[in-house]
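Here the structure comes first, spelled out in structure tokens, and everything after it is commentary.
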Amino acid sequence: MAAEPTAHKLIAKHRPTLDQALEAIRTRAYWSPHPEHPKAYGENGSLSLEEGKAAFDALLGDRLAIDQPGTDDWVGGEVSPFGIDLGVTYPHADIDVLLPAMKAGQRAWRDAGAETRAVVCLEILKRISDRTHEFAHAVMHTSGQAFMMAFQAGGPHAQDRGLEAVAYAYAEQVRTPDAAEWTKPQGKRDPLALDKRFTPVPRGIALVIGCNTFPTWNGYPGLFASLATGNAVLVKPHPRAVLPLALTVQVAREVLTGAGFDPNLVALAAERPGEGIAKTLAVRPEIRIIDYTGSTAFGDWLEANARQAQVYTEKAGVNTVIVESTDNYKGMLSNLAFSLSLYSGQMCTTPQNLLIPRDGISTDAGPKSYDEVVADLAQSVGGLLGDDARANALLGAIVNPVVKARLEAASGLGEVALASREITNPEFPKATVRTPVIVKLDGAAKHWEGADDEAAYLSECFGPVSFAVAVDSAADAVRLLRRTVQEKGAMTVGAYTTSKEVAATIEEACLEECAQLSLNLTGGVYVNQTAAFSDFHGSGGNPAANAALCDGAFVANRFRVVEVRREA
């Protein structure tokens, strides 16, 4: 009962925001409570740009204080893709001590009810939002995103995704009433009467396995969906991107304590180098929910082996764009160039395969051959990234040596239409910055100068690598699209066409193969960007992911409803 007054204050503070979020997911209209512009921060308790940078700098070379049970060591080792040794250390947990402590607080959290859990989650998000500038630097220096992208994607956009998950979780929990009076007529006899109570109950401890490239954006949906549905949450960050999620755990524990709940409802599982604790945690009987973003191999392993848990995975895919025709050739090239360049293509939504008819396409600038389309796209990318300062602001840094090696190997897969070039970042001279490479492949031929084209374009080549694949026709492109989605999965599909018939065929293919489609984007919206409360990230219906961020299915199986019946 000690938490009740604080909970009431949080309801008064955050219920209007929750109601707006519920309305937004109903209408799918644009809405966000989190400002996208850096200058919007610095008042009403939020950190300014300078204050956020100072707060981040103060974290470096020190322990991040998280007073959780079972701490037996302090671990760290993150090195920024921009060349800075962060030097931050985190508590390493004895799991046999930590997991029981996490379970201890679940009863009170369950009994608090859906509304209280939701507003506590919103308070966590509000305090994170106030520190967006600090979090932006933490995301930047663990993911390699350039500052503005780290600020927006790692800050307000990630916070939006967390809030979206809370809204869906709340809606699913209140779909069933708390109580019901049930009466069944029995003719001349007295009716049968029961009083029934329905309680959403958590599955158990949820495990969030974080990713390197988007630690908050990909981490927050599962974290907040599980917490809002009554589960304790253990956060296991990627070893190269611990800081943003560790800060999140720190904030969550502070809010839970202030609201009268057990802070151990949210805890951190940092690991020693090479320890690989994700596999150990994933099969623990206490772990009943797992959220994972990363490689297909480990995602498949989780789905096959973590049998005691509900497993939500976002894995690899091969994203495809069909270029059949356009009435805005310049806009199409500009849009694609930006999509291929943003964050050095290190997004699970970045296009990889561009399917272009070998006989060319029709455009508002006249007919264009396959070679002309590819050359013009290469020129557009080159122009976009021609100025090194602008290139650094768009590309960020290569996140790890594996991506760099993949980029360097791509030029041996076919004819290079656009070669990658090295860029120096004056502020961070140790950063590895590379422009994208575009390679020409043949969708019909099996070999191109000894290389197997099909093996190249039917494999995910994560990073700043794209393939301009020549196909026989629009129909051939759709067939290849279907095959790609069926066999490899896709987080995104794009298409450019002025033909209603071709558009309908592509749309039908995406409906049948369960892939999210963007048609004829030529302005400021890009195929690799999605908006919370409106766009679905992934579909859960093809091999790239078994869940969508965010829909009812993403939250509904994180809790069950238990009924207690009594005779009236």
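Along the sequence shown, the residues carry numbers beginning at 1.
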Intermediate values then yes/no, salt bridge (charged side-chain N to carboxylate O under 4.0 Å, His left out), R482 and E512: CA-CA 9 Å; R482 281 184 181 272; E512 290 186 357; 2.9 Å; yes
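- Ring-centre distance between Y168 and F533: not below the 6.0 Å cut-off.
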K236 vs D291, salt bridge (charged side-chain N to carboxylate O under 4.0 Å, His left out): CA-CA, chis, key distance, verdict: CA-CA 10 Å; K236 205 298 290 183; D291 287 276; over 6 Å; no
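- Around the NZ atom of K13, the shell of radius 6.0 Å holds more than 12 heavy atoms that belong to other residues, nucleotides or ligands.
- Of the N and O atoms on the side chains of Q310 and N557, at least one donor lies less than 3.5 Å from an acceptor on the other residue.
- The closest donor-acceptor contact from the side chain of S344 to the backbone of Q346 lies at 3.5 Å or more, if one exists at all.
- Looking at residues two or more places apart in sequence or on another chain, you find no ring-ring contact (aromatic ring centres under 6.0 Å, His included) involving F536.
- Using a 4.0 Å cut-off between charged nitrogen and carboxylate oxygen, R479 and D476 count as a salt-bridge pair.
- With salt bridges taken as basic N to acidic carboxylate O contacts below 4.0 Å, none links R240 and E78.
- Without hydrogens or angle criteria, N319 side chain to M491 main chain gives a donor-acceptor distance under 3.5 Å.
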Criterion side chain to side chain donor-acceptor pair (under 3.5 Å) on T313 and E303, from CA distance to verdict: CA-CA 8 Å; T313 59; E303 291 169 0; 2.6 Å; yes
H141 vs F56, ring-ring contact (aromatic ring centres under 6.0 Å, His included): CA-CA, chis, key distance, verdict: CA-CA 10 Å; H141 285 290; F56 168 76; 5.4 Å; yes
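- Using a 4.5 Å cut-off on side-chain heavy atoms (C-beta onward), I25 and S534 make no contact.
- With 3.5 Å as the limit, one finds no donor-acceptor pair spanning the side chains of E460 and Q352.
- Proximity of Y457 to V439: side-chain heavy atoms (C-beta onward) are nowhere separated by under 4.5 Å.
- A donor and an acceptor atom, one from each side chain of T248 and Y220, are located under 3.5 Å apart.
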Which atom pairs, one a donor and one an acceptor, fall under 3.5 Å between side chains of residues 376-386 and the rest of the protein, sequence neighbours left out?
from: D376; atom 1: OD2; to: Y329; atom 2: OH; distance (Å): 2.7
from: S380; atom 1: OG; to: L333; atom 2: O; distance (Å): 3.4

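- Not less than 6.0 angstrom separates the ring centroid of F151 from the ring centroid of H137.
- Between P38 and H133 the shortest side-chain heavy-atom distance falls below 4.5 Å.
- Atom OG of S48 is separated from atom NZ of K39 by 12.5 Å, given to the nearest 0.5 angstrom.
- For the pair R28 and Y30, the NZ or CZ position fails the cation-pi test of under 6.0 Å to the six-membered ring centre and within 45 degrees of the ring normal.
- Not counting sequence neighbours, F467 has no partner by the ring-ring contact (aromatic ring centres under 6.0 Å, His included) test.
- In this structure, CD1 in I322 is found 12.5 Å from CD1 in I361, a value given to the nearest 0.5 Å.
- In this structure, CG in L47 is found 13.5 Å from NZ in K53, a value given to the nearest 0.5 Å.
- No side-chain N or O of T326 forms a donor-acceptor pair with one of N328 less than 3.5 Å apart.
- Under the side chain to side chain contact (heavy atoms under 4.5 Å, CB included) test applied with V139, the options L247, T216, L243 reduce to a single match, T216.
- Salt bridge status for E454 with R483: present, with a side-chain N to carboxylate O gap under 4.0 Å.
- Side-chain atoms of N231 never come within 3.5 Å of backbone atoms of A206 as a donor-acceptor pair (strictly under, hydrogens ignored).
- The aromatic ring centres of F554 and Y312 sit less than 6.0 Å apart.
- A distance of 8.5 Å separates OG1 in T213 from NE2 in H238, rounded to the nearest 0.5 Å.
- Panel note: side chain S539, backbone C514; a donor-acceptor pair is recorded below 3.5 Å.
- Checking S32 against D160 by side-chain atom types alone, a donor-acceptor pair falls below 3.5 Å.
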Residue pair E123, K126: steps toward the salt bridge (charged side-chain N to carboxylate O under 4.0 Å, His left out) verdict: CA-CA 5 Å; E123 177 67 14; K126 175 62 170 65; over 6 Å; no
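- Note on E115 versus R15: salt bridge recorded, some NZ/NE/NH1/NH2 to OD/OE distance being below 4.0 Å.
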Steps toward side chain to side chain donor-acceptor pair (under 3.5 Å) verdict (R434, S420): CA-CA 6 Å; R434 299 288 189 275; S420 176; 5.3 Å; no
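- With rounding to the nearest 0.5 angstrom, the OG1 atom of T132 is 11.5 Å from the CG atom of L49.
- Atom-to-atom distance recorded for L122:CG and R117:CZ is 14.0 Å, nearest 0.5 angstrom.
- The heavy-atom pair separating I356 from A468 by the smallest distance is CD1-CB, 4.3 Å.
- Residues E314 and H537 bring a donor and an acceptor atom of their side chains to less than 3.5 Å of each other.
- A side-chain N or O of T498 and one of S325 form a donor-acceptor pair less than 3.5 Å apart.
- In this structure, a donor-acceptor pair under 3.5 Å is absent between the side chains of N218 and R161.
- A heavy-atom distance below 4.5 Å is not found between the side chains of V321 and N353.
- Between the side chain of T229 and the backbone N or O of A225 there is at least one donor-acceptor pair closer than 3.5 Å.
- Judged by distance alone, the side chain of S129 and the main-chain N or O of L125 form no donor-acceptor pair under 3.5 Å.
- Between P351 and V527, the closest heavy-atom pair is CG-CG1, 3.4 Å.
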